[in-house]
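Step one of this worksheet: look at the structure below.
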Amino acid sequence: MGRVILIQILSLSCLLIFSNLASAQLKQNYYATICPNVETIVRNAVRAKVQQTFVTIPGTLRLFFHDCFVQGCDASVMIASSGSNKAEKDHPDNLSLAGDGFDTVIKAKAAIDAVPSCRNKVSCADILTMATRDVVALAGGPSYPVELGRLDGLSSTAASVTGKLPKPNLNLNQLNSMFSAKGLTQNDMIALSGAHTLGFSHCDQFSNRIYNFSRVNPVDPTLSPSYATQLQQQCPKNVDPRIAINMDPNTPRTFDNVYYKNLQQGKGLFTSDQVLFSDSRSRSTVNTWASNSKAFNDAFVAAMGKLGRVGVKTGRSGNIRRDCSAFN
C-alpha cells in the first residue's frame, strides 16, 4: 500500500517537473532571431480580420480557451477530422466555436509564411496565443507581453474533450475543481470568466434559467426579473437555436469590467457567471473588479499567462505544423 502511494506521489512529482520544464522553455521574444517581426505580422493580420468581422474577437479568445483546456495550449483544436480520426473541433462542446477564430490563425500563419525566413518556423499554438492577446487589445482590453516557444500537438481526438470544458450550469466548487486541475486558482477562474464581457451565446445554453429552473421557481431567482423578461423576449420557447445573445447586455463589443457590474445586478447570462456573485466565497472579488478596472485587467493578464503555460509541448512531444489544420 505504502509503495503504491509512493509511486503515485513520484508520478505526480514527475508530471509537475515535466510541466514546469516545458513552461520554462517559454519566453518573451522567443522568435527574436528566428522571425524578428512575427508579433507585428500577426497583429496586422488580426487587425485586418477584425475589420472584416467583429466575431473575430470573441471567436479567437474562445478558441484559445478551448485549446488550452484540452491537452494544453498546442493548437490541437485546429486539427480537422480525417478518415478514422474524429478531432477535437468536432466534439459537441466545440461545434459552436466560430469559424472566424480558426480563420484568424490561418490568415496570420499565411502572413508569417509569406516571409521566406519565417516560413514554417512559428507554431500554430504560438500564433493563436499572439492573436488572442491582439484581439483583447483591439477590443479595448490590456495589451500584454506573451511568452512563446510552444510546439504544436501531435494528437487531437474528440474523446479527449469530454468533461474538460466548463459547462454553463456549473457551481463554484465545480468551476474551482476544473480550473485547479490546470493549476489555476479561484481568482484566475473569476478573471478568465471576465472574457464573457465579449461575445455571445445561444439560447439553449441558458434556457433552463428562464423557463424551467425548478418546480418552485420556473425562473432562476438569482436573475434580475427585468433581465429575465428581456431574455424571454429574445429567446422565446422553440426559438431557432442559431439565435445569438450577447454575453454582456451593456457593452458587448468592449473588453471591460462591466461583466462584473452586470453580475452585481443579476445580469450574468450563465449560472456559472452569476454564481460568482451569488456565492459569498467569490463575491468580494467580483465587487473589487466591478469598481476597479485596472485590478481586473492585471488579474486577467496574470491568469492568461498561467493558462498559456498549460500542457505546453516541447522537444519530441510536438512540432511546427506546415498547415494548422493537419498533422505534418
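All of these numbers come straight from a predicted model, not from anything done at the bench. Computed over heavy atoms, backbone and side chain alike; hydrogens, waters and symmetry mates excluded.
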Quick check against the 3.5 Å criterion: does T197 have a side-chain atom that pairs as donor or acceptor with the backbone of G194?
no
If the threshold is 4.0 Å, N to carboxylate O, is there a salt bridge linking K267 and D248?
no
Heavy-atom donor-acceptor pair, S214 side chain to N217 backbone, under 3.5 Å:
yes
Between D279 and R283, does any side-chain N to carboxylate O distance fall below 4.0 Å?
no
When you group the ILVMFWY residues by side-chain heavy-atom contacts below 4.5 Å and let the links chain together, are L269 and L192 in the same group?
no
I'd like to know if the side chain of D134 and the backbone of R47 have a donor-acceptor N/O pair within less than 3.5 Å.
no
In terms of hydrophobic clustering (I, L, V, M, F, W, Y; side-chain heavy atoms under 4.5 Å; direct or indirect links), are F213 and L170 co-clustered?
no
Main-chain N/O of A87 paired to T157 side chain as donor or acceptor, under 3.5 Å
no
Short side-chain to backbone donor-acceptor contact, N297 and K294, under 3.5 Å
no
Side chains of E88 and S76, donor plus acceptor under 3.5 Å
yes
So, do F206 and Y211 have ring centers that fall under 6.0 Å from each other?
no
State whether the side chain of Q274 and the backbone N or O of G268 hold a donor-acceptor pair below 3.5 Å, judged by distance alone.
yes
Of Q205, H202, R62, the residue whose pairing with S96 passes side-chain hydrogen bond (donor to acceptor under 3.5 Å, both in side chains)
R62
Is there a path of hydrophobic side-chain contacts, each under 4.5 Å between heavy atoms, that joins V46 and I41?
yes
Parallel, tilted or perpendicular: ring planes of F300 versus Y144, cut at 30 and 60 degrees
perpendicular
Would R281 and N173 count as having a side-chain donor-acceptor pair, cut-off 3.5 Å?
yes
Does the pair D152 and K313 meet the rule for a salt bridge (Lys or Arg N to Asp or Glu O under 4.0 Å), with working shown?
CA-CA 7 Å; D152 297 322; K313 308 298 185 292; over 6 Å; no
Is K89 positioned over the aromatic face of F102, cation under 6.0 angstrom from the ring centre and no more than 45 degrees off axis?
yes
Counting only heavy atoms not in N238 (residues, nucleotides, ligands), do more than 12 fall under 6.0 Å from its CG?
no
Polar side chain donor-acceptor pair, R150 to T314, under 3.5 angstrom
no
Return the orientation label for the F179 and F69 ring planes: parallel under 30°, perpendicular over 60°, tilted otherwise.
perpendicular
Name the residue from T56, D100, T104 that meets the side-chain hydrogen bond (donor to acceptor under 3.5 Å, both in side chains) definition with K49.
D100
